[in-house]
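Residue numbers count from 1 along this sequence.
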Amino acid sequence: GKKPRELNVPGEEKFKGKGVSYCAICDAPFYKKKVVVIAGDGNSALHAAITAAEVASHVYLIAKHDKFIGEEILIDKVKSYKNVKIFMATKIAEICGDKKVDSIRLESGEEIKTDGIIIEIGHEIDRTLIKDLVKLDEKNQVIIDNMQNTSVPGIFAAGDLTNTPYNQIVISAGEGAKASLSVFNYLQSLKQK
């Protein structure tokens with residue numbers, strides 16, 4: 001139900017998979033002894049900068065706000081790396097290159113040479129499949145009961161698109177298991193009718 005939030009700048013779509021990425025855990029190792037840009041200013045971006053700083057020769061952390069919106073311990077850790085340069089209150093205007101990313105251009109006009117960019121600005125819930133099918137709450141989350149039932153009998157939901165108050169992988173996995181058992185029980189009840 002989730003997809004990475006995008007910068008929506010020129011070059012982003014063109015270079016997806018060619019230097020534009022949305023997962024530091026997955027892709028930071030590709031930047032061993034190279035230069036990488038991390039876009040974002042929350043915990044995800046801070047974690048990404050730490051992960052990248054362990055392998056890359058240089059990391060540019062571009063934060064659009066004038067202060068980080070992440071945990072202080074992560075901010076201090078990022079600032080402790082000598083190979084990390086932080087740009088605050090800065091926006092990326094364009095991702096540039098020929099066949100792959102070779103630089104980014106900031107709104108100020110400054111250009112930063114890089115081997116790639118990892119965009120860590122959160123995720124959006126994709127509700128296209130269910131938006132007209134089941135009831136949603138005021139936050140556009142699928143309303144479920146404690147057995148993962150939606151407003152439509154036989155349709156079950158689990159994970160970040162539901163009205164469960166906590167969005168964590170372990171909770172989504174547990175909900176998925178509950179939904180599977182609920183589907184099984186629902187099908188058993190149909191056989192008995």
Does Ile119 belong to the same Ile/Leu/Val/Met/Phe/Trp/Tyr cluster as Ile104, with side-chain heavy atoms less than 4.5 Å apart forming each link?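 Per the 4.5 Å side-chain linkage, Ile119 and Ile104 are co-clustered.
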
If only side-chain N and O atoms count, and only distance matters, is there a donor-acceptor pair under 3.5 Å linking [Y] with [X]?
| X | Y | answer |
| --- | --- | --- |
| His65 | Asp41 | yes |
| Thr90 | Glu107 | no |
| Ser103 | Glu111 | yes |

Nearest 0.5 Å, what's the CD-CG distance between Glu94 and Leu7?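 Between atom CD of Glu94 and atom CG of Leu7 there are 12.5 Å.
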
NZ (Lys79) and CG (Leu61) are apart, to the nearest 0.5 Å, by 10.5 Å

Any donor-acceptor N/O pair, [X] side chain to [Y] backbone, under 3.5 Å:
| X | Y | value |
| --- | --- | --- |
| Glu175 | Gly159 | yes |
| Lys178 | Asn146 | yes |
| Ser151 | Lys135 | yes |
| Ser57 | Lys34 | yes |
| Asn163 | Ile144 | yes |
| Glu120 | Ala24 | yes |
| Ser180 | Gly176 | yes |
| Thr150 | Ile155 | yes |
| Asp115 | Val35 | yes |

Ile62 and Val37, any side-chain heavy atoms less than 4.5 Å apart: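 Yes, at least one pair of side-chain atoms sits under 4.5 Å.
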
Is any side-chain heavy atom of Lys3 closer than 4.5 Å to one of His123?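 The answer is no; the side chains never approach within 4.5 Å.
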
With disulfide bond (SG atoms under 2.5 Å apart) as the rule and sequence neighbours excluded, what pairs involving residues 17-93 come up? Cys23-Cys26

Using distance only, find each side-chain donor-acceptor pair of residues 68-76 under 3.5 Å and give its atom names and separation, not counting sequence neighbours.
from: Glu71; atom 1: OE2; to: Asn43; atom 2: ND2; distance (Å): 3.2

Side chain to side chain contact (heavy atoms under 4.5 Å, CB included) with Glu6: which residues, sequence neighbours excluded? Asn8, Glu12, Glu13, Lys16, Tyr22

How are the rings of Phe156 and Tyr186 set relative to one another: parallel (under 30°), tilted (30 to 60°) or perpendicular (over 60°)?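 Perpendicular.
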
Residues, nucleotides or ligands: over 12 heavy atoms within 6.0 Å of Phe30 CZ: no

